[in-house]
J.: 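Once you've had a glance at the structure underneath, I'll fire off some questions.
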Amino acid sequence: MVEVLLNVKILVCLPARYESQRFPGKVLADQTGKPLIQHTYERACQAQLPQEVLIATDHAKVQAAVEAFGGPCVMTQPEHPSGTDRIAEAVADKDADIVVNLQGDEPEIDPAHIDLVAQLLLDHPEIPMATLCAPLTSTEQIANPNIVKVVTTLCGRALMFSRSVLPYDRNAGGIGQTTPYYRHIGIYAYRKDFLSTLTKLPPSPLELTEKLEQLRVLENGHTIQVGRVDHVCDGIDTPEQYAAFVERMKQS
């Protein structure tokens, strides 16, 4: 494994868009004494496998904040439709073999999860992309369309992602025992050449229906390796979630 790592460059890129429908400017929220993006950056820097962590933004305010705490930042075009597209532009000229996509609003991400999603591509050289999942623990979570579900093959390759109950337990009338249900965790690793290929593909029918970008990969016949972890570190989507994060930081 050491010999492999010496020859493989792993880069983590944090897309940090300034605007947010539910929480404008959230990556710069600083009630903890640090902007949110800095918390996420510092967690990413704790991962063992990546040799580089980079922030990609569309706004001068974010760039200034990142430079103020000494982080590396690349300005990208503002009109990118997704974080994946923003990352593809940011790393286009970077020396990297594997690129990890970590959202900039994940201040409590477990660094071990970053290592795991990269390790999946090291362990499966034939696979172009990887992601993670964790067990769902209640019927309310399984039925919640805001929580994306995933099912895999026996060797951990993604079969389908959906906002619906997945799988549907016919004998139980929908939701059966919680043990076979897994929620998708939105961290990805790509081989750099595949990232370029992916962003050139048009949105696919299932992707447009479910509003899940990863379905474009499956619909075009590519493979996603899914690693399992035992816990989820939720990101910050709303002011209420940020307020709860601030309280946790005060108590830590």
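Because only heavy atoms are used, hydrogens play no part in the values below, and waters and symmetry mates are left out as well, while side chains stay in.
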J.: Honestly curious: do Val100 and Leu49 fall in one hydrophobic cluster under the side-chain, below-4.5 Å linking rule?
T.: yes
J.: Distance-only, no hydrogens or angles: does the Gln63 side chain make a donor-acceptor pair with backbone N or O of Ala60 under 3.5 Å?
T.: no
J.: Are Val8 and Val12 linked, directly or through other ILVMFWY residues, by side chains that come within less than 4.5 angstrom of each other?
T.: yes
J.: Please report the closest heavy-atom contact between Pro72 and Val66, naming both atoms and the distance.
T.: O-CG1, 3.9 Å
J.: Give, for atom CG of Leu14 and atom CG of Leu54, the distance between the pair rounded to the nearest 0.5 Å.
T.: 8.5 Å
J.: Only counting residues at least two apart or in another chain, list the ones meeting salt bridge (Lys or Arg N to Asp or Glu O under 4.0 Å) with Glu42.
T.: Lys34
J.: Tyr41 vs Phe69 aromatic rings, parallel, tilted or perpendicular, using cut-offs 30° and 60°?
T.: tilted
J.: Any heavy-atom pair between the side chains of Pro107 and Arg43 that's under 4.5 Å?
T.: no
J.: Are Val62 and Val53 connected into the same hydrophobic cluster when the rule is that any two of I, L, V, M, F, W, Y join if their side-chain heavy atoms are below 4.5 Å apart?
T.: yes
J.: Applying side-chain contact (heavy atoms from CB on, under 4.5 Å), run through Gln48 and Ile114 and close with a yes or a no.
T.: CA-CA 9 Å; Gln48 299 298 305; Ile114 300 171; over 6 Å; no
J.: Just by modelled atom types, is the Ala158 backbone N or O under 3.5 Å from a matching donor or acceptor in the Thr152 side chain?
T.: no
J.: Find the distance between CG (Leu166) and CG (Leu159) and round it off to the nearest 0.5 Å.
T.: 9.0 Å
J.: Could you go through Gln214 and Ile224, starting from their C-alpha distance and side-chain angles, then the distance that decides it, and tell me whether this counts as side-chain contact (heavy atoms from CB on, under 4.5 Å)?
T.: CA-CA 9 Å; Gln214 63 269 35; Ile224 303 175; 4.3 Å; yes
J.: Show which residues join Val165 in its hydrophobic cluster (side-chain heavy-atom contacts under 4.5 Å, direct or indirect), or state none.
T.: Leu136, Ile142, Ile147, Ile175, Tyr181
J.: How about Ser196 and Asp193: does a side-chain donor come under 3.5 Å of a side-chain acceptor?
T.: no
J.: Using the salt bridge (charged side-chain N to carboxylate O under 4.0 Å, His left out) rule, take Asp105 and Arg17 through it: C-alpha gap first, then chi angles, then the decisive distance, then the call.
T.: CA-CA 10 Å; Asp105 57 6; Arg17 186 169 64 95; over 6 Å; no
J.: Taking side chain as C-beta onward, heavy atoms only, is Val148 less than 4.5 Å from Glu210?
T.: no
J.: Donor-acceptor pair, distance only, cut-off 3.5 Å: does the side chain of Thr57 make one with the backbone of Ala16?
T.: yes
J.: With sequence neighbours excluded, give me every salt bridge (Lys or Arg N to Asp or Glu O under 4.0 Å) pair touching residues 48-70.
T.: Lys9-Glu52, Glu52-Lys94
J.: What pairs with Ser20 under side chain to side chain contact (heavy atoms under 4.5 Å, CB included), at least two apart in sequence or on another chain?
T.: Phe23, Lys26
J.: So which atom in Glu207 and which in Pro203 form the shortest heavy-atom distance, rounded to 0.1 Å?
T.: OE1-CA, 3.1 Å
J.: What orientation do His113 and His231 show, parallel under 30°, tilted 30 to 60°, or perpendicular over 60°?
T.: tilted
J.: Rounded to the nearest 0.5 Å, how far does CG of Asn144 lie from OG of Ser138?
T.: 9.0 Å
J.: Does Leu121 reach the side chain of Met129, with side-chain heavy atoms less than 4.5 Å apart?
T.: no
J.: Look only at the side chain of Asp169 and the backbone of Ala172, and say whether a donor-acceptor pair between them is shorter than 3.5 Å.
T.: yes
J.: Quick one: hydrophobic cluster around Met75, which other residues, with the 4.5 Å side-chain cut-off, linked directly or via members?
T.: none
J.: Which pair of non-hydrogen atoms, one from Gln141 and one from Thr137, has the smallest distance, and what is that distance?
T.: OE1-N, 3.0 Å
J.: Heavy atoms, side chains only, cut-off 4.5 Å: are Ile98 and Leu122 in contact?
T.: yes
J.: Could you tell me whether a side-chain N or O of Lys200 sits under 3.5 Å from a main-chain N or O of Thr197, the two making a donor and an acceptor?
T.: no
J.: Can you check whether Val74 reaches Ile55 side chain to side chain, under 4.5 Å on heavy atoms?
T.: no
J.: Going by side chain to side chain contact (heavy atoms under 4.5 Å, CB included), name the residues that satisfy it together with Ala56, two or more places apart in sequence or in a different chain.
T.: Cys13, Thr76, Arg86, Ala90
J.: Can you name the closest pair of heavy atoms from Val226 and Cys133 and give their distance?
T.: CG1-SG, 3.7 Å
J.: Decide yes or no for Thr40 and Leu102: does some side-chain heavy atom of the first lie under 4.5 Å from some side-chain heavy atom of the second?
T.: yes
J.: Assess the residue pair Tyr242 and Gln31 against the criterion (side-chain contact (heavy atoms from CB on, under 4.5 Å)); give the C-alpha distance rounded to whole Å, side-chain angles, the decisive distance to 0.1 Å, and a yes or no.
T.: CA-CA 9 Å; Tyr242 179 70; Gln31 293 180 28; 3.7 Å; yes
J.: Does Leu120 belong to the same Ile/Leu/Val/Met/Phe/Trp/Tyr cluster as Tyr190, with side-chain heavy atoms less than 4.5 Å apart forming each link?
T.: no
J.: Kindly compute the distance separating CD1 (Ile185) from CG (Leu116), expressed to the nearest 0.5 Å.
T.: 9.0 Å
J.: If you round to the nearest 0.5 Å, how far is SG of Cys73 from NE2 of His59?
T.: 12.0 Å
J.: Around atom CD of Glu79, are there more than 12 heavy atoms from other residues, nucleotides or ligands closer than 6.0 Å?
T.: yes
J.: Inspect the contact between Arg183 and Asp234 and indicate whether a charged nitrogen and a carboxylate oxygen are less than 4.0 angstrom apart.
T.: yes
J.: Does Glu219 come within less than 4.0 Å of Arg216, counting only side-chain N to carboxylate O?
T.: no
J.: Less than 4.5 Å apart, side chain to side chain, heavy atoms only: is that true for Leu212 and Leu206?
T.: no
J.: Could you check Phe161 against Lys149 for side-chain contact (heavy atoms from CB on, under 4.5 Å), going step by step and ending with a plain yes or no?
T.: CA-CA 6 Å; Phe161 299 86; Lys149 275 68 70 175; over 6 Å; no
J.: Should Leu218 and Phe194 be counted in the same cluster of Ile, Leu, Val, Met, Phe, Trp and Tyr side chains packed under 4.5 Å apart?
T.: yes
J.: Could you pull out the closest heavy-atom pair between Ala65 and Leu28, with the gap in Å?
T.: CB-CD2, 3.5 Å
J.: Do Glu213 and Thr84 pair up side chain to side chain, a donor and an acceptor below 3.5 Å, judged on atom types alone?
T.: yes
J.: When rounded to the nearest 0.5 angstrom, what is the spacing between OG1 in Thr32 and CD in Glu247?
T.: 11.5 Å
J.: Which pair of heavy atoms, one from Asp85 and one from Pro81, lies closest together, and at what distance?
T.: OD2-CG, 3.4 Å
J.: Mind checking whether Tyr188 and His184 have parallel, tilted or perpendicular rings, split at 30° and 60°?
T.: tilted
J.: Going by atom types alone, do Asp115 and Gln119 pair a side-chain donor with an acceptor below 3.5 Å?
T.: no
J.: Counting only N and O atoms by type, is there a donor-acceptor contact under 3.5 Å from the side chain of Gln103 to the main-chain atoms of Asn101?
T.: no
